[in-house]
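Reviewing the structure listed below.
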Amino acid sequence: MDLRENPGDAAFREEARTWLEEHCPPEWRNLDIAEGSDQHLEVRRSWEKKLAAANWIGISWPEKYGGRGGTLSHYLIFAEEHARVGAPSRLSFFGEGLLGPTILAVGEDWQRERFLPEITSSSVWWCQGFSEPDAGSDLAGCRTRAERDGDQWVITGQKIWTSLAEHADHMFLLARTDPAAASHRGLSYLLVPMRQPAITVRPIRQLTGSSEFSEVFLDGAQAPLAWVVGGLHQGWKTAMTTLGYERSIAVTNNLIRFRSEYASLVEFLRAEERLTDRRVRDRLMQLYSGLRVMGIGNLRLLSELAAGGKPGPASSRAKLFWSEWHRDFTEAVVDLLGAYGMLSDDRLAPGGGGWQRLFLQSRSETIYAGTSEIQRNVIAEQLLGLPKEPLPTQVEARQATPAAIERSAK
Amino acid sequence: MNFSFSLEQEALRQAARQFLAAEYPLSRVRSIMQSETGYDPAVWRAMADQGWQGMAIPEPYGGAGFGFLEVVILMEEMGRLISPVPFLSSVVLGANLVLQAGREEQRERLLPRVAAGERIIALAFTEAGGGWDQAGVTMAAKADGDEVVLSGGKLFVIDGCQADTLLVAAKDNGGIAVFEVSADAPGVERRAMQTLDLTRPMAEITFDGVRVPSQSRLGEGDAWASIERVLDLGAVALAAEQVGVASRCLEMAVDYAKVRRQFGRAIGSFQAIKHKCADMLMAVESARSAAYYAGWAVAVDDPELAVVAPLAKAYCSEACFRVAAENIQIHGGIGFTWEHDAHLYFKRAKSSQLLLGDPSYQRELLAGRLGL
């Protein structure tokens, strides 16, 4: 056991930090908290171009795909330093953080050669199309259909909760390609160009007031037949690969964001002379402890991944921990503001209303990328080996009325 | 960066788990906890043959000179079977205080015998106030020629009735001094306290004008810094033990949830139970992160120890108690019986939560050390 950063990583961190300090203009920093991430898209766009030009996208990917040829820990270190300077949130999150690693893990060579350089050069942005109105936690209930028509897929259905849909060039989505197969068996993971008339994007106004998510309507949208990742009808497995990244590696930079939020809270309370209150201190230390444990948990996860693992069900632990910690943290903050917690972006609101925005935003974090309840199911069933909930038909059969038995037999 | 134990450490864990399963099963623990001795001397000797007591004691003092991560592993394994042995008292607190504060002569005389399991040292620190801070020590040491006279009472002395040597903290010149007192010295009276946790004996010890030579003092000057560090080590060791207690509780609960059937299905298939188990796993693994990290900080003498020791103690205490309590709940009626082992773990969990300072005390310590 050695939890110190090795010299190579420390040098990389220094290089990343220096570059970020030099290249991220002060007026571009910490915009998310101040305004909500949908309010400064041009800045985010320009920032991605700068990152791409300096080869900071795809840090752990092979150079032949436009990557930097670094390690996973380099990627994570850069994400940490990126968060530390408060640089704009990444438009390339879905491409670099989710699709890229998925294609590297289960894609075909031509897909790596085609799609990865587009991500690292920041010429193509991706969005994710998993959830549907009737397929939220029950992702396998996906009803969007893809039918073959010559050398194209023709896709019909509706996706929801899609971040960046109106700005993305392509979407990776789950669609039913074998209607005869049961639930998760007939799905494929398709790549679909967004800029076509058969696709309509309608932003959803969230309870925060801003619109980071959209509905996406596909009405006979087309995608090339070969744009299937991980094999035909194997979409469920591919999607789980993506979710593994979304629940773990892709969001380790949250930790740095949370650390800086925590530090701001301490500074605020210090300025208000509240740090002598024993109850305030105790609550703060509970939050601090959770934050530290989250960081140590990330080290453990990284150590396992560096030893050759892939993010599996253990990533559910990470997701559950950070999202619930952040929910509790923002709740505590608003409570600590007392009467000022009742304000939103009023001129008298501490931090310009940023705390309240985080408080509201955190309510999405225990829902997206798999709700806390789904994460608990994954933990219980896959890490602890507890039995699955019986399907309604099985329960009916047990109730053993002759009619029920006959019904379930049909 | 590497978060895994070495192959040797993993081998130690395996050996410890096998040893305890064979030599100190719960059936044996139950008979010990109803006895006067408080621990099984035969098991204690066998542990010494395995080298456990001397594991982290430096080689010049008769130990094997391994680091604190080995102690973490042993504590965790003993936690899994709530082993009643004077390990925390004698090896973690006692030996380390001698090492930190003792004179060379005291180290050479005491440590090899602790390492061999031949002598048990207990720390007599806490008094009627029930605290583990400096202000809690009111007992005064009065110099009388080349002797010191100790009068007063100590409470919650872990393995106090089992110890051969007591390390007694007393006020001295505005600071704290620690005196080595033979447990059978005239004027020392020991009473076994009736404890919630039947697997961890504690004693009330009264000192009625007990005279010891001045050179029985550990080192010179104020010993508070040494005591504080040793209490930190104790907190980390206890945190590791709590990981063991909690992980065993989780196993018991999950095993039961898989086989107990109600409404025609395993209760573990109901989300009400499943989610409880998932939360228990979260608690166990988060506690594990905190305890291992703190153990590593001790092992490499990282300055962060002062921060992560109280953090780990507070965090693991709460996690362990929650998991031990849920274990009873998941077992339902059978979990509330004397016959089932769940209550032994539950009592250990609550007692350990309060031992060496409860979570809010530890968090206040943490706040102070972070400069708040």
Side-chain angles (χ1 to χ4, degrees), chain A residues 1-6 9 73 266 269-270 275-276 278-286 288-290 292-304 306-307 314 316-317 320-321 324-325 372-373 375-381 383-390 394-395 397-400, chain B residues 1-6 9 67 69 72 250-251 253-254 257-258 263-271 273-282 285-290 292-297 299-300 302 307-308 310-312 314-315 318-319 359-360 362-368 370 372:
Chain A
M1 190 175 289
D2 184 2
L3 306 181
R4 277 168 291 216
E5 192 156 83
N6 71 45
D9 284 354
S73 62
V266 173
L269 293 170
R270 196 187 299 279
L275 285 179
T276 50
R278 183 79 193 243
R279 280 171 312 171
V280 170
R281 293 164 74 81
D282 195 60
R283 191 78 192 94
L284 260 187
M285 287 304 96
Q286 285 176 357
Y288 175 80
S289 300
R292 290 300 307 266
V293 167
M294 194 192 307
I296 300 166
N298 281 0
L299 287 181
R300 266 175 81 185
L301 190 68
L302 176 59
S303 170
E304 284 162 23
S316 287
R317 263 170 40 202
L320 186 58
F321 195 103
E324 299 208 331
W325 181 88
S372 290
E373 290 69 29
Q375 309 301 349
R376 287 188 171 88
N377 283 351
V378 171
I379 290 168
E381 290 167 13
L383 294 177
L384 293 172
L386 286 168
K388 282 189 183 302
E389 192 115 11
Q394 295 167 313
V395 174
R398 194 190 67 79
Q399 283 161 356
Chain B
M1 206 281 301
N2 165 20
F3 210 106
S4 43
F5 289 102
S6 69
Q9 288 165 338
L69 283 172
V72 162
L250 172 61
E251 288 172 12
V254 168
K258 285 177 184 171
F263 305 101
R265 45 196 265 217
I267 60 168
S269 68
F270 290 103
Q271 289 195 348
I273 298 296
K274 195 177 275 190
H275 288 189
K276 242 186 226 309
C277 292
D279 285 335
M280 291 164 77
L281 177 123
M282 291 295 286
E285 291 307 320
S286 304
R288 192 185 299 284
S289 291
Y292 288 179
Y293 186 89
W296 172 81
V300 301
D302 194 283
V307 168
V308 292
L311 188 156
Y315 199 90
E318 291 186 339
S360 70
Q362 294 288 347
R363 280 194 291 268
E364 181 50 39
L365 207 55
L366 172 62
L370 287 171
L372 289 190

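Chain naming here is simple, since letters A, B, ... match the order of the sequence lines and numbering starts at 1 in each.
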ask   = Between A/D2 and B/W296, what is the shortest heavy-atom contact and its length?
value = CA-NE1, 3.7 Å
Residue that, paired with A/M285, satisfies side chain to side chain contact (heavy atoms under 4.5 Å, CB included) out of B/E364, B/R363, B/Q362 = B/R363
request  = Would you mind checking which part of A/D9 comes under 4.5 Å of any heavy atom in chain B, side chain (CB onward), backbone (N, CA, C, O), both or neither?
outcome  = neither
ask   = Are the side chain of B/K274 and the backbone N or O of A/P387 linked by a donor-acceptor pair below 3.5 Å?
value = yes
ask   = For the residue pair A/M1 and B/Y292, what are the closest heavy atoms and their distance?
value = SD-O, 4.1 Å
note = One should read off an interatomic distance between A/E304 CD and B/N2 CG, to the nearest 0.5 angstrom, of 11.0 Å
message = Just so I understand: if I count every heavy-atom pair under 4.5 Å between each of A/E381, A/Q375, A/R270 and chain B, which residue has the most?
response = A/E381
message = Using heavy-atom distances under 4.5 Å, tell me whether A/R292 contacts chain B through its side chain, its backbone, both, or neither.
response = side chain
request  = Can you tell which part of B/L366 gets under 4.5 Å to a heavy atom of chain A, answering side chain, backbone, both or neither?
outcome  = both
ask   = Can you name the residues that form a salt bridge (charged side-chain N to carboxylate O under 4.0 Å, His left out) with B/D279, not counting sequence neighbours?
value = A/R376
inquiry  = As an exercise: rank A/L386, A/L302, A/I379 by heavy-atom pairs under 4.5 Å with chain B and give me the winner.
reply    = A/L386
message = Looking at chain B, which one of A/L275, A/N6, A/L320 has the largest number of heavy-atom pairs inside 4.5 Å, strictly under?
response = A/L320
Proximity breakdown for A/E373 and chain B, heavy-atom pairs closer than 4.5 Å = both
key: Considering all heavy atoms, the nearest A/G385-B/K258 contact   = O-CE, 3.1 Å
key: Proximity breakdown for B/I273 and chain A, heavy-atom pairs closer than 4.5 Å   = neither
key: Heavy-atom pair of closest approach, residues B/S289 and A/I296   = O-CG2, 3.4 Å
task = List the steps, then state whether side-chain contact (heavy atoms from CB on, under 4.5 Å) holds for A/R300 with B/R288.
result = CA-CA 10 Å; A/R300 266 175 81 185; B/R288 192 185 299 284; 3.6 Å; yes
key: Nearest heavy atoms of B/S4 and A/S303, plus distance in Å   = N-OG, 4.2 Å
note = Turns out that what part of A/V266 lies under 4.5 Å from chain B's heavy atoms comes down to side chain
query = Which residue out of A/R278, A/R281, A/E5 racks up the most heavy-atom pairs below 4.5 Å with chain B?
reply = A/R281
Structural part of B/Y293 lying under 4.5 Å from a heavy atom of chain A = both
request  = Give, as side chain, backbone, both or neither, the part of B/L372 having an atom under 4.5 angstrom from any heavy atom of chain A.
outcome  = both
